[in-house]
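To find a chain, count down the sequence lines: A is the first, B the second, and so on, and within it residues start at 1. We use all heavy atoms of the structure for the numbers below, so side chains are in, but hydrogens, waters and symmetry mates are not.
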Number of protein chains: 2
Amino acid sequence: MARKSTTRDRLVRTATELFSRQGYGQTGVNEIMQQARATSGSFYHFFPAKEDLLLAVLDHVGETLHGEVLGPAAEGTEDPIERVFAVLAYYRRYLVDTNFALGSPMGNLAAELSESHPQVRSKVSELFAAWTAEVEAFLGEAGDRLPPDLDNTGLAEFVLSTMEGAVMQARARRSLAPFDASVAQLRRYFDLLRGEDVKADEVPASLVSIPRKAPQNADWRSW
Amino acid sequence: MARKSTTRDRLVRTATELFSRQGYGQTGVNEIMQQARATSGSFYHFFPAKEDLLLAVLDHVGETLHGEVLGPAAEGTEDPIERVFAVLAYYRRYLVDTNFALGSPMGNLAAELSESHPQVRSKVSELFAAWTAEVEAFLGEAGDRLPPDLDNTGLAEFVLSTMEGAVMQARARRSLAPFDASVAQLRRYFDLLRGEDVKADEVPASLVSIPRKAPQNADWRSW
DNA sequence: GTCTATACCCTGATAGAC
DNA sequence: GTCTATCAGGGTATAGAC
């Protein structure tokens with residue numbers, strides 16, 4: 001496999017960011033070229049049309065998903081259940097690092113293009129399936145720490161719903177509060193599934209609830 | 001308050017649908033006018049620019065939210081906790097009725113325009129706040145059936161995350177499975193919070209898990 | 001309030017030299 | 001592979017009669 005052109009890469013990365021920030025339809029080819037320091041000649045040398053760049057972006061997102069999100073979560077965290085929360089922590093950091101300017105690449109493109117671009121819908125569908133499959137694997141590794149009747153596929157889809165919805169709320173509200181609250185509730189659900197929920201009168205209140213306004217650099221492990 | 005023009009209304013309703021289907025940037029003024037059977041003269045009589053129609057759409061969504069979603073859920077369902085699931089059932093029906101072609105109006109516009117249109121972000125933020133406030137009120141009415149240490153605001157935000165993420169997945173996958181799975185998990189969470197979870201060996205398996213492929217017209221009360 | 005006709009700009013895309 | 005120059009078309013928005 002030949003080494004990838006740097007210009008092509010810059011175009012794909014730039015487009016990924018711009019699409020996540022302001023959507024596909026609102027992002028002009030000119031804007032992409034400018035920010036990627038490429039000219040029209042280069043652009044159309046690599047991509048016959050804007051839509052082809054879009055498909056390349058989706059491929060790039062797919063690679064990033066495993067390479068930078070799910071893979072590192074698996075390798076960096078031993079406990080399989082904690083891996084789920086490490087994945088969520090990635091998106092939390094993403095929100096903070098981008099100052100809420102970017103949404104989930106999968107989610108944004110899914111919302112905008114699912115109906116009008118069948119190929120995009122299909123690829124996003126696969127991305128969602130890959131995401132949930134990896135999370136489902138984490139859940140499987142948890143073995144008997146979770147109830148035997150639990151639908152691991154469904155729980156993984158629930159985790160994805162939580163993530164996408166939480167990122168969306170955080171972005172619109174420009175606050176981590178709804179994100180942290182969503183993850184805290186999901187944490188409590190996992191605790192209850194494992195029969196390990198703490199009751200309010202057994203421990204200090206400070207340990208059972210997440211403060212409504214967590215500092216932006218708060219350690220996510222407080223979840 | 002003067003009676004609203006029918007043409008203006010048609011424009012707003014049509015735009016709401018088109019924006020939810022294919023996004024704001026991908027929807028042309030021409031397309032809106034055609035589908036609403038209005039001409040350029042009418043359009044610009046009511047709205048100085050496309051963006052003003054967008055703001056009107058957001059207002060309309062806000063009215064619909066209470067008038068057609070949260071209000072009916074409150075009036076049509078006695079049990080406050082069931083009201084939460086009645087709200088989710090509304091979105092399920094919405095997905096089915098539109099054959100997955102439309103996403104959540106709030107969510108779609110939030111994802112696409114949060115960064116580029118501050119006014120839109122602000123309005124969507126208020127819509128999210130109104131949505132969660134009403135759901136939070138349902139939770140408050142549940143009284144001591146939920147744990148006293150529970151963060152009702154956070155749980156309401158969690159429910160919204162679930163809804164938005166589940167709608168997004170269902171649309172991209174063109175399947176109710178991820179939506180139903182998400183709601184089933186949320187249901188189980190509520191059951192556990194109330195200390196009423198059923199164990200797999202106490203009841204027939206058919207009652208504790210949702211079939212992966214529920215028929216599209218399945219009664220949502222099976223949740 | 002609604003109609004037709006039209007201005008005008010910006011967009012995606014092309015051509016052809018280097 | 002990259003550059004500059006340029007096009008054709010669709011997009012938003014306007015003018016002015018009715």
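Look at CE on B/M33: it is 15 Å from C1' on C/dG1, rounded to the nearest Å. Across the protein-nucleic acid pair, A/F47 atom CZ and C/dT14 atom P stand 15 Å apart, rounded to whole Å. Between A/D52 atom CG and C/dG12 atom C1' there is a gap of 12 Å when expressed in whole angstrom units. Atom CZ in A/R10 sits roughly 13 Å away from atom P in D/dG1 (whole-Å rounding). Rounded to an integer number of Å, the gap from B/D9 CG to C/dG1 C1' is 15 Å. Rounded to an integer number of Å, the gap from CG of A/L11 to C1' of D/dG1 is 12 Å. Here the P atom of nucleotide C/dG12 and the CD atom of A/Q26 are 12 Å apart, to the nearest Å.
The phosphate of C/dG1 has neither OP1 nor OP2 within less than 4.0 Å of any side-chain N or O from B/T7. Regarding contacts with the backbone of C/dG1, a side-chain N or O of B/H45 is found under 4.0 angstrom from either OP1 or OP2.
Legend: ring-ring contact (aromatic ring centres under 6.0 Å, His included) pairs involving residues 61-80 of chain A, not counting sequence neighbours: none detected.
Here the CD1 atom belonging to A/I81 is positioned 8.5 Å from the CG atom belonging to A/L193, to the nearest 0.5 angstrom. Within the model, atoms CD of A/E134 and CG of A/L70 stand 4.5 Å from one another, a figure rounded to the nearest 0.5 Å. The distance from the OG atom of B/S104 to the CD atom of B/E164 is 3.5 Å, given to the nearest 0.5 Å. B/L113 CG to A/E112 CD: the interatomic distance, rounded to the nearest 0.5 Å, is 8.5 Å.
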Where do N or O atoms of nucleotides 11-15 of chain D meet protein N or O atoms at under 3.5 Å, pair by pair?
residue	atom	partner	partner atom	Å
D/dT12	OP1	B/V29	N	3.2
D/dT12	OP1	B/K50	NZ	3.3
D/dT12	OP2	B/V29	N	2.8
D/dA13	OP2	B/Y44	OH	3.4
D/dA13	OP2	B/K50	N	2.8
D/dT14	O4	B/S40	OG	2.5

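In this structure, A/Y189 has its ring center closer than 6.0 angstrom to the ring center of A/F158.
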